[in-house]
Amino acid sequence: MMSSRKAWHHLILGDEYSASQARYLASQVKGRISMIIRNVSVLMVAILFAGCGGGGGSGVGSTPPPGGNNPPPPPDPNLTALLVPPDSEEAFTSHVKKGLALWSGVGTDGELSEVTALVANTVDVGGTNDATNTPNAPALPSTDSPGSASAESFSRTNLQVQGVDEQDWAKFSGTHLYIASDDRIDVLSTSNDPAATTKIGSLNVGEDSYMQGMYLLAADGESPPLLAAISTLSSHSGWNDGWAQPWGWQQGKTVIHLFDISTPQDGNVLAQLTLDGYAIHSRRIGDFLYLVTRHTPALKGLIPHATEATEVASNQQIIDASDIEDLLPQMTASGESPRNLVTADSCFLPETAADEVSYPTLVTLTAVDLRDPDDVSSICMADNIDGIHVSLDAVYLTSSEGFFGDVVTIAAAGVAEFSNQSRTIVHKFKLTDMGPAYRGSGVVPGTFQNDPSYLMGEHEGVLAIVTSGSWDGDHRLTLLRESATEAYRLEETGHLPNDLNPSPIGKPGERIYASRIIRDRAYIVTFRIIDPVYVIDLSDPTSPRTLGELEIPGYSAYLHPVSDDLLLGIGKDAIVDNGTAWYQALNLRLFDVSDPTRPFNVSEVKIGLRGTDSTLLYDPHALLYLPDVESDVHRFAIPVSLHGADQQRDSGAHPSTWFSWSSTGLHLFEIDAGANPSLTTSGVVDSDDVVDCWLGSDRAFINGSAVHYVHDGRVVSADWQQPHITQDTVLRQEQHYCSLLD
């Protein structure tokens, strides 16, 4: 499936793609577009228009940027975002019932118009701390610095925060590959000499399941190695009815299968947990799985958006007759009767619940001890969320209100009104010995312009968050931490731009293309015509400041820390013509940030011509990265759809000229991170595709010198030193993502 990050990138940043990729995008996003744009159709049109820019939707727009680039004002101090525990079970049921009533057509004209405004205000874009307080968790690195990574012979899933594992559809244990499809997990044994894989079995997760991702736990003492598989029952519609519509979140079931993989091909099921709600995020820290689910109570006979008087009256009767057991999500463990996943007194409500219309949807954060799956603890909130960031000891959930500018309200007469700047609400949950605990909420101006997780980062209890007040600027970095004087409050300690450092983040008209927050430093890439890479100092939470910036052609869409002094950027070149920047070759750059006031480009590699693309630009899990901290030689690889390999650029050709597809493969690279840093190519593991095959789900892993490239239902293996000699293992005959070139 195409990642929401890529679809968001195309819609928001105005990227271009081939006809075959466009068909794939249409087929995969159809029915799931609300995952990417949680908004009404009129705002969808606005998104597409804003993303296309000049040149008929190719490149970045040539329209002159709006005047000025002033940061948005701070949020209205009278608007609060606190969550509070309900005064009683009756208060909780009253809140949820009120939401169900309003969203099902029971209410005054004014209340129903507010419900319409909630839909128009919701947007969907779609991991260095102290030691964890999670019980029984192993010792973990305290930073996400690459220097803290242990020296291993094999690669794992690429992570934002070291020690915070992320779900993915392919996982590698060093000896076995686990590759998920909709209803099964294929198990492959791997060898190094020669580099090869062999399918040895499959683990079943159910015919009606849709796999969300997996986690691996190594054996620990007498505890066996485990595989945790997260799936959603595919018989339910999930997001299809719209992110901002609560009715799309009914009937959802999330299933966790826990396999003992001591004998990988057998995969004995140790436990199975079924939770009400759709899984929207998850992370693993040590032995603990943290799962975020979203659930709307399903009352039998309730009619969404009723308009007829008889339907409205029936809805009111059904809601009035419901009780607490009808409203709370439930959980079923293997062989047990269903029980409530969360209690009413641990389900927090918005502080302003009595005065504002809100969603009847419950977002639950659940902690599961994978070594003891009977140990489950949950906390919930009656609110909408659209982003997550997880540090080693806290989970941050975010909710955006407004859409890059003013908040839309719908008057009773049906007229759209604009008032109050858009804002993002941040909720912090501490990971404690007793499970997740709510610590407080805060508000920052603006909304996310890219992947929310990578626009946030925590260091020593301070969260840095990057938001934008408009499509083309007004970027703001805000620092939040728990208030020392007010309970349940995240207070702002500082922001950028500020009075001492008034320079904006980005030039006028530039959007955020990449960001990486590492300990007390932030790197932000903005782009419209050139690519400024900003280096920002966060060491003083009360006064963040820009230390330096580097302007280069093109842009970086992904940033990866190599060492304290080196940063890898991967993106595209661009040629500017009449105010439009036309994307060109894939570009890899190695930045020296040892002097943060004077960052510079040490080395770069260009791949292909216009049309060349990589999954990594939209999905960080596509990166294979294996550092060697002893030799300072780091190996990494990315999947690439190469265009123009056998073609020459005509000096007189327009920069919009698209070059034909040449090949698809895994491109190998090495970084010398020593005294004389350099970036070099090491060859290509060719997929041998005969047609243009979209690489949206490609993954790769390495063990010693053996490289395993997972691509379109196959695993292509090769030796790092001889990548042209390959061995294939076919997992399925049909190729879901390939299509003939036009």
Side-chain angles (χ1 to χ4, degrees), residues 127-128 139-163 172 174 192 195 514 516-523 533 535 547-548 550 552 556 558-571 586-607 614 616 620-638 640 666-685 700-708 718-723:
T128 354
L140 297 170
S142 61
T143 77
D144 56 359
S145 168
S148 65
S150 60
E152 290 186 328
S153 63
F154 69 95
S155 65
R156 305 175 187 266
T157 301
N158 182 35
L159 306 178
Q160 181 187 5
V161 176
Q162 293 300 318
F172 186 42
N192 290 3
R516 197 71 187 249
I517 300 171
I518 306 169
R519 301 196 307 278
D520 59 359
R521 189 176 290 182
Y523 302 95
V533 180
V535 183
L547 298 176
L550 171 65
I552 50 179
S556 293
Y558 176 76
L559 299 173
H560 192 86
V562 175
S563 68
D564 290 339
D565 296 334
L566 297 172
L567 185 71
L568 174 65
I570 301 175
L586 198 66
N587 196 308
L588 291 75
R589 293 185 171 100
L590 186 62
F591 301 110
D592 187 318
V593 292
S594 56
D595 180 354
T597 65
R598 300 179 61 187
F600 65 94
N601 186 11
V602 176
S603 181
E604 69 178 299
V605 172
K606 297 183 180 181
I607 304 173
S614 174
L616 181 58
H621 291 166
L623 176 69
L624 178 166
Y625 195 92
L626 186 64
D628 188 333
V629 294
E630 294 181 359
S631 69
D632 278 334
V633 175
H634 299 197
R635 291 180 290 172
F636 74 96
I638 60 174
V640 174
L666 185 71
H667 288 236
L668 314 180
F669 306 89
E670 292 186 357
I671 294 175
D672 186 338
N676 298 300
S678 64
L679 168 64
T680 57
T681 60
S682 296
V684 178
V685 178
F701 301 94
I702 185 173
N703 186 3
S705 62
V707 183
H708 306 293
D719 189 275
W720 187 274
Q721 303 301 329
Q722 296 180 304

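- Residues passing the side chain to side chain donor-acceptor pair (under 3.5 Å) test with D672: none are found, sequence neighbours excluded.
- Note that the OG atom of S563 and the CG atom of D632 stand 8.0 Å from one another [nearest 0.5 Å].
- Partners of D520 by side chain to side chain donor-acceptor pair (under 3.5 Å), not counting sequence neighbours: none found.
- Remark: H560 pairs with Y558, Y625 by the ring pair (Phe, Tyr, Trp, His ring centres under 6.0 Å) rule, at least two apart or across chains.
- From L566, atom CG reaches atom CG of L590 across 5.0 Å, with rounding to the nearest 0.5 Å.
- With respect to R521 and D564, no salt bridge is recorded, no charged nitrogen being found less than 4.0 Å from a carboxylate O.
- Atom OG of S155 sits about 9.0 Å away from atom CZ of R635, to the nearest 0.5 Å.
- A heavy-atom distance below 4.5 Å is found between the side chains of F591 and I552.
- Between atom CH2 of residue W720 and atom CD1 of residue I702 there is a gap of 5.0 Å, rounded to the nearest 0.5 Å.
- With rounding to the nearest 0.5 Å, the separation of CG in N158 from CG in L616 is 7.5 Å.
- Checked against side chain to side chain donor-acceptor pair (under 3.5 Å), T157 has the following partners two or more places apart in sequence or in another chain: K171.
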Let me check something: any side-chain donor-acceptor pairs from residues 673-682 under 3.5 Å, sequence neighbours excluded? List them with distances.
none

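- With sequence neighbours left out, the salt bridge (Lys or Arg N to Asp or Glu O under 4.0 Å) criterion links R156 to E152.
- Using a 4.5 Å cut-off on side-chain heavy atoms (C-beta onward), V707 and P723 make no contact.
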Show me, pair by pair, the donor-acceptor contacts under 3.5 angstrom made by side chains of residues 592-601, not counting sequence neighbours?
unit_1, atom_1, unit_2, atom_2, d
D592, OD1, S594, N, 2.9
D592, OD1, S594, OG, 2.6
D595, OD1, T597, N, 3.1
D595, OD1, T597, OG1, 2.6
D595, OD2, T597, OG1, 3.4
N601, ND2, E604, OE2, 3.4

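- In this structure, the separation between NE2 on H667 and CD1 on I607 is 5.5 Å, given to the nearest 0.5 Å.
- Considering only residues two or more places apart in sequence or on other chains, H708 meets the side chain to side chain donor-acceptor pair (under 3.5 Å) condition with S717.
- Residues V562 and H634 come closest through the heavy atom pair O-CE1, 3.4 Å.
- In this view, A718 and V685, T726 satisfy the side chain to side chain contact (heavy atoms under 4.5 Å, CB included) rule, not counting sequence neighbours.
- A706 and N192 make their closest contact through CB-OD1, 3.7 Å (heavy atoms, listed as atom of the first residue, atom of the second, distance).
- With sequence neighbours excluded, the residues forming a side chain to side chain contact (heavy atoms under 4.5 Å, CB included) with L559 are A514, R516, Y523, V525, S556, L567, listed by chain and number.
- Not a single donor-acceptor pair under 3.5 Å links the side chain of D719 to the backbone N or O of A195.
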Quiz prompt | From CA spacing to verdict: side-chain contact (heavy atoms from CB on, under 4.5 Å), L588, F636 | solution = CA-CA 12 Å; L588 291 75; F636 74 96; 3.6 Å; yes

